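These notes are about the structure you will find just below.
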Amino acid sequence: MAEKPLSSPPSPSAALGSPLARAERFVWLTARVLEQRRFAYHFLRGGADPVEAALTAYLDEDGGYGHALEPDLRGPVSQPLHTAHALRVLDSIGRCGGLRVERICRYLTAVSTHEGALPAIHPSQRAYPSAPFVPVVDDPPGELLSTGPVVGTLHRNQVWHAWLFRATEFCWTAVESLEKSHPYEVQAAVAFLDSAPDRPRAEAAADRLGRLVREQRLAVLDPDRPEEFPVADGYAPGEHHYPHDYARVPDSLARGWFTDEELSRSLDFLAAEQSEDGGWPLRWRAWAPGSALEWRPIVTIEALRTLRAYGRPLDG
């Protein structure tokens, strides 16, 4: 009688040395269940239900998300950044609507500041560990960093809720008044502008923002000479951003900020960043082993999605 194999046969892609195959092995070795399910959905024809089931484990009774869904904030309490992350996941699987989003909007209303925006960190985080670069304060202001991606995601999915009215106006004011910024804030602005309902206004704001990005050298336009581009205050050494970090998909308004050659070099750099273990590295400061381990599969999935969006081969 033949002996049973000790493990299942490798998946078809795992038998190859393609970028996707190496990333798949990395995900199975290191990722949380949520990222395993997300990888399967995006690259292995997996279903949306398992992704949503895995995401539900992070849901709190107040309608927000916690439990270190965004790995730099530890502990069980709901936070705007966790909830923004949850919305991005739901958006990516076509499930950003219905009662689940109605419940999220109630949470957003409850934690908003007096101007109707979201703080980066709610003071409830104080009782739990968090990255030193996300300080907890008692009376946090509203931030474009946390509000822009949430508002953009909800508009893209044609969600209408009372919370959106003031939050949208906050984002317009914040984006149109930017004079000096930093890459993560610019990414949040792009996330808002790419789905803002007033398209002519969004295009005008994006054009202005793109000029600011180039004037302030917030994007490394030549990956062979990153030292020529300053790192923002408070960022880790080498924590640069590249054109693909802003224009994650070809139809983003940020795509118009860069020439074809600049974007091509950026995508070449992104593809070459894949590490020997199959995952993509973190560019920001790793402050705890657990958070770094949990972030890398997330970064890896997003790198693959960006490369695929631009037609870069993953299987060869």
Side-chain angles (χ1 to χ4, degrees), residues 30 32 35 58 64-89 111-113 117-150 152 171 174-175 178-192 212-213 216-220 226-227 229-242 244-246 248 273 275 279-303:
T30 66
R32 304 181 296 190
E35 281 69 54
Y58 298 88
Y65 287 78
H67 305 277
L69 176 58
E70 204 272 17
D72 282 330
L73 304 178
R74 315 306 291 183
V77 293
S78 298
Q79 285 291 330
L81 291 180
H82 292 317
T83 305
H85 191 114
L87 283 169
R88 286 194 296 273
V89 171
V111 298
S112 289
T113 62
L118 296 172
I121 309 294
H122 189 272
S124 59
Q125 184 65 36
R126 189 180 299 281
Y128 302 97
S130 60
F133 45 81
V134 283
V136 182
V137 298
D138 290 333
D139 188 21
E143 300 274 4
L144 177 62
L145 186 71
S146 47
T147 311
V150 170
C171 290
V175 170
L178 283 177
E179 297 296 338
K180 182 174 175 56
S181 190
H182 60 92
Y184 294 118
E185 186 174 51
V186 172
Q187 287 179 312
V190 171
F192 167 67
L212 182 150
V213 166
Q216 298 182 12
R217 301 175 68 77
L218 300 182
V220 175
E227 68 280 357
F229 298 85
V231 174
D233 292 343
Y235 283 31
E239 192 175 350
H240 294 289
H241 285 69
Y242 297 79
H244 68 264
D245 289 312
Y246 302 109
R248 293 189 176 275
E273 265 200 311
S275 302
W280 266 257
L282 303 184
R283 293 199 215 114
W284 63 90
R285 187 176 292 109
W287 65 281
S291 65
L293 183 66
E294 291 174 357
W295 264 122
R296 285 195 65 210
I298 299 172
V299 170
T300 295
I301 290 169
E302 294 311 317

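Please read all numbers here as calculations on a predicted model, not as lab measurements.
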Q: Take S130 and D72, measure what side-chain contact (heavy atoms from CB on, under 4.5 Å) needs, and give me the verdict at the end.
A: CA-CA 6 Å; S130 60; D72 282 330; over 6 Å; no
Look up atom [atom1] in [X] and atom [atom2] in [Y], then write down how far apart they are to the nearest 0.5 Å.
X	Y	atom1	atom2	value
T30	L293	OG1	CG	5.5 Å
I298	E35	CD1	CD	4.0 Å
W284	F133	CH2	CZ	8.0 Å
E302	H244	CD	NE2	11.5 Å

To check you understand the geometry: which heavy-atom pair defines the closest contact between [X] and [Y], and what is its length?
X	Y	result
G142	T113	N-CG2, 3.5 Å
V186	S181	CG2-OG, 3.6 Å
A131	W287	CB-NE1, 3.3 Å
V231	G238	CG2-N, 4.0 Å
T147	C171	CG2-SG, 3.8 Å
Y65	T83	N-OG1, 3.2 Å

May I ask you to decide if [Y]'s main-chain N or O and [X]'s side chain share a donor-acceptor pair within less than 3.5 Å?
X	Y	result
S78	G66	no
E143	A117	no
H82	E70	yes
R74	H67	no
S146	L118	yes

Q: Inspect the contact between R283 and D245 and indicate whether a charged nitrogen and a carboxylate oxygen are less than 4.0 angstrom apart.
A: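 Yes.
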(Q) Strictly below 4.0 Å, N to O, side chains only: are R32 and E294 in salt-bridge contact? (A)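 Salt bridge flag = yes for E294 with R32.
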Q: Please step through side-chain contact (heavy atoms from CB on, under 4.5 Å) for the pair Y128 and V136, ending with a clear verdict.
A: CA-CA 10 Å; Y128 302 97; V136 182; over 6 Å; no
Q.
So P149 and Q187, do their side chains get closer than 4.5 Å, heavy atoms only?
A.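 They are not in side-chain contact.
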(Q) Angle between ring planes, Y246 versus H241, binned at 30° and 60°: parallel, tilted or perpendicular? (A)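 The arrangement is tilted - the two ring planes meet at 30° to 60°.
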Q: Using the side-chain hydrogen bond (donor to acceptor under 3.5 Å, both in side chains) rule, take H182 and Y235 through it: C-alpha gap first, then chi angles, then the decisive distance, then the call.
A: CA-CA 10 Å; H182 60 92; Y235 283 31; 2.7 Å; yes
Q: Go through the steps to decide whether L73 and Q125 satisfy the test side-chain contact (heavy atoms from CB on, under 4.5 Å), and finish with yes or no.
A: CA-CA 8 Å; L73 304 178; Q125 184 65 36; 4.0 Å; yes
(Q) Please determine whether side-chain contact (heavy atoms from CB on, under 4.5 Å) holds for the pair L69 and V89, giving the CA-CA distance in whole Å, both sets of side-chain angles, and the decisive distance to 0.1 Å. (A) CA-CA 11 Å; L69 176 58; V89 171; 5.8 Å; no
Q: Identify, with sequence neighbours excluded, every residue that meets ring-ring contact (aromatic ring centres under 6.0 Å, His included) alongside F192.
A: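 Expected list: W172.
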